[in-house]
Amino acid sequence: GRPPGPNSRSAYWSRRNEDMSEDAREIGPPPAIANEARRASCEVDLSLFLKTYFPNAFPLPWCPDHLKVITALQTSIVHGGLFAMAMPRGSGKTTMAIRAAIYAILLAGAAANPWSVVDDRALERSFRLNVEAVPATTLLGEAAIVTLGCPKNGYDAERILTQLRAEGYEVVSSYAEANLVLVNTCGFIDEAVQESLDAIGEALAENGKVIVTGCLGAKKDAAGQDIITSVHPKVLAVTGPHALGEVMEAVHTHLPKPHDPFIDLVPPQGIKLTPKHYAYLKISEGCNHRCSFCIIPSMRGDLVSRPIGDVLNEARALFESGVKELLVISQDTSAYGVDIKYATSKFHGREVRAKFYDLAKELGDLGAWVRMHYVYPYPHVDEVIPLMAEGLVLPYLDIPFQHASPSVLKAMKRPGNQDKTLDRIRAWREVCPDLAIRSTFIVGFPGETDADFEETLALMEEVRYDSAFSFK
């Protein structure tokens with residue numbers, strides 16, 4: 001083992017260096033790793049160390065690119081007894097070797113001072129890991145980009161590259177290394193169109209996963225059809241020029257960035273203000289109703305539904321983070337998808353419709369408690385009640401009735417046929433006797449009479465709400 005004493009580290013590494021091959025010693029002077037705040041300084045030839053214990057991971061001769069990956073480990077610091085680092089990224093052998101070393105350090109229980117390993121045998125046990133055993137979830141997506149056309153296209157490509165790197169994606173320079181290829185096209189003249197179509201075809205042939213953006217993405221043929229998808233129907237997505245948001249949305253759909261706890265400052269479920277066991281899930285913004293007492297449409301606009309794939313991916317991330325109950329919210333939950341004509345999007349490799357029933361079923365299949373808020377009693381809500389009876393969705397509906405009098409509801413610019421609503425609620429409770437209903441009411445609305453008020457009280461007696469909020 002290493003001899004005791006204040007100079008044991010330097011003595012050990014001096015002896016270790018003497019055992020290295022002549023080729024290994026040509027690397028140069030050892031880099032310094034210091035912990036001046038808590039420990040005496042020590043010098044370690046980290047490059048030699050890693051090359052010794054991972055000889056197959058480093059092609060010879062040693063090149064400067066390897067040192068770039070090592071920098072993350074060399075510049076790591078020990079602070080307050082914790083091992084803080086910038087985890088190197090990528091999936092190459094060199095990077096994986098560094099990852100293996102870092103995981104080994106943590107597993108060896110040497111977090112307070114990773115270089116305090118006691119002897120050669122401990123080093124062997126701690127650092128000779130199988131590189132393939134490092135968890136794959138720590139790897140980030142790798143993307144390549146092909147840019148054609150004018151400087152404006154080049155500028156758009158720079159923005160895309162910047163956003164990719166800001167989100168932690170690796171950008172590579174070959175089809176073989178990439179998990180996804182972006183082709184930034186030009187459609188100015190016929191030659192440029194053909195060059196762009198050829199570039200897309202090459203990317204599909206060499207890689208297979210291609211997202212297309214740029215001017216050609218906005219161009220139609222004589223029949224009004226999209227030029228790109230008519231020639232290359234297998235592309236994953238097509239956007240027009242200066243469409244950074246759409247491009248990144250397509251990247252997120254087809255190459256989600258895995259969460260890396262060593263790098264990411266924000267957890268995959270985002271930062272939440274709620275306790276850990278529940279979270280709100282917003283499915284749309286705005287509202288198509290124009291109730292006379294409500295200012296929401298003037299502030300938030302008309303209904304804009306989120307793609308159901310985005311909603312379900314967020315819900316899954318919340319559930320996997322430990323959330324037990326999902327509270328589905330919007331201004332009009334049962335109108336979800338109307339504005340986008342119930343467009344489908346992919347979730348778990350399947351096409352799912354952006355419709356209230358489909359949303360409820362998919363959320364229920366995740367295994368979380370699903371609670372529906374702000375539901376209007378539209379006829380299609382009937383389809384969701386059996387899911388509640390089966391236990392897939394919580395038997396709970398939040399329905400803002402506001403009033404019972406037809407004349408007051410007319411003044412409010414709200415649907416006024418309470419008889420149909422009562423019939424619907426009776427039918428719901430026949431299917432799901434445990435159904436709980438929460439509502440809100442407005443008392444003293446301009447023009448309300450005592451008789452109008454009595455109608456609201458009668459409605460409350462009839463429905464027997466489990467919870468109600470009244471506003472004057």
Side-chain angles (χ1 to χ4, degrees), residues 135-139 141 249 252-261 264 266-285 305-337 340 342-376 378 380-399 428-429 431-438 466-467:
T137 52
T138 63
L139 299 181
E249 184 177 320
H252 296 155
T253 299
H254 299 286
L255 185 62
K257 184 179 83 68
H259 177 66
D260 190 331
D264 296 339
V266 178
Q269 72 274 17
I271 305 298
K272 298 297 174 185
L273 300 176
T274 52
K276 291 182 178 180
H277 64 282
Y278 75 87
Y280 292 103
L281 181 67
K282 186 161 73 169
I283 62 171
S284 65
E285 190 61 86
S305 300
R306 294 177 59 193
I308 193 166
D310 289 357
V311 174
L312 295 176
N313 280 319
E314 180 182 347
R316 181 176 60 182
L318 289 167
F319 181 64
E320 290 176 351
S321 74
V323 169
K324 304 301 181 186
E325 183 175 349
L326 297 170
L327 283 68
V328 180
I329 58 172
S330 67
Q331 293 304 129
D332 184 357
T333 298
S334 42
Y336 174 67
I340 55 176
Y342 310 118
T344 62
S345 56
K346 283 193 175 181
F347 177 65
H348 275 188
R350 298 177 289 109
E351 292 289 339
V352 183
R353 292 185 307 171
K355 200 167 186 179
F356 182 58
Y357 172 82
D358 302 75
L359 173 70
K361 187 175 187 312
E362 293 290 338
L363 290 174
D365 286 339
L366 290 176
W369 289 1
V370 180
R371 191 181 298 273
M372 296 293 183
H373 285 254
Y374 316 124
V375 175
Y376 280 77
Y378 301 136
H380 67 263
V381 175
D382 299 354
E383 302 171 4
V384 176
I385 306 303
L387 299 180
M388 297 180 177
E390 296 168 16
L392 203 63
V393 177
L394 288 179
Y396 173 96
L397 286 175
D398 184 334
I399 304 176
W428 289 349
R429 283 186 164 151
V431 176
C432 182
D434 294 331
L435 178 64
I437 299 178
R438 172 194 182 274
D466 292 82
S467 176

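Hydrogens, waters and symmetry mates are skipped; everything else that's a heavy atom, side chains included, is used. If you're wondering where the values come from, they're calculated on a predicted model, not measured in any experiment.
Within 6.0 Å of the NZ atom in K272, the count of heavy atoms belonging to other residues, nucleotides or ligands exceeds 12.
Each of L318, L394, T274 was compared with E325 under the side chain to side chain contact (heavy atoms under 4.5 Å, CB included) criterion, and only L394 meets it.
Atom CG of residue L387 and atom OH of residue Y357 lie 4.5 Å apart, to the nearest 0.5 angstrom. I385 CD1 to L435 CG: the interatomic distance, rounded to the nearest 0.5 Å, is 5.5 Å. How far CG of L363 is from CD1 of I283: 8.5 Å, rounded to the nearest 0.5 Å. We find the CG-CH2 distance between L392 and W369 to be 14.5 Å, quoted to the nearest 0.5 Å. To the nearest 0.5 Å, atoms CD1 (I437) and OH (Y396) are separated by 10.5 Å.
Using bins of under 30°, 30° to 60° and over 60° for the plane-to-plane angle, the ring pair Y280/Y278 lands in the perpendicular bin. Ring geometry for F356 versus H380: interplanar angle over 60°, hence perpendicular rather than tilted (30 to 60°).
Contact check on E383 versus K355 returns no salt bridge, with no Lys/Arg side-chain nitrogen under 4.0 Å from an Asp/Glu carboxylate oxygen.
Here the side chains of R350 and E362 are in contact, with some heavy-atom distance below 4.5 Å. The shortest distance between side-chain heavy atoms of M388 and L397 falls below 4.5 Å.
Figure legend: cation-pi geometry between R353 and Y342 absent, as NZ or CZ is not positioned both under 6.0 Å from the six-membered ring centre and within 45° of its axis.
Remark: side-chain polar atoms of T333 are not paired, donor with acceptor, to backbone N or O of I329 under 3.5 angstrom. No side-chain donor-acceptor contact under 3.5 Å links D358 to the backbone of A354. Using a distance-only test at 3.5 Å, with no hydrogens or angles considered, a donor-acceptor pair links the side chain of R306 to the main chain of K282. With Y336 contributing its side chain and I308 its backbone, the two residues share a donor-acceptor pair below 3.5 Å. Panel note: side chain S330, backbone S284; no donor-acceptor pair is recorded below 3.5 Å.
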Stepwise side chain to side chain contact (heavy atoms under 4.5 Å, CB included) test for V381 and M372 = CA-CA 11 Å; V381 175; M372 296 293 183; over 6 Å; no

inquiry  = Using side chain to side chain contact (heavy atoms under 4.5 Å, CB included), reason through V311 and E314 one step at a time and then give a plain yes or no.
reply    = CA-CA 5 Å; V311 174; E314 180 182 347; 6.0 Å; no

task = Evaluate the side chain to side chain contact (heavy atoms under 4.5 Å, CB included) criterion for residues V328 and V370: first the C-alpha distance (whole Å), next the side-chain angles of each, then the deciding distance (0.1 Å), finally the verdict.
result = CA-CA 7 Å; V328 180; V370 180; 4.0 Å; yes

key: Full working for side chain to side chain contact (heavy atoms under 4.5 Å, CB included) between R316 and F347   = CA-CA 10 Å; R316 181 176 60 182; F347 177 65; 4.2 Å; yes

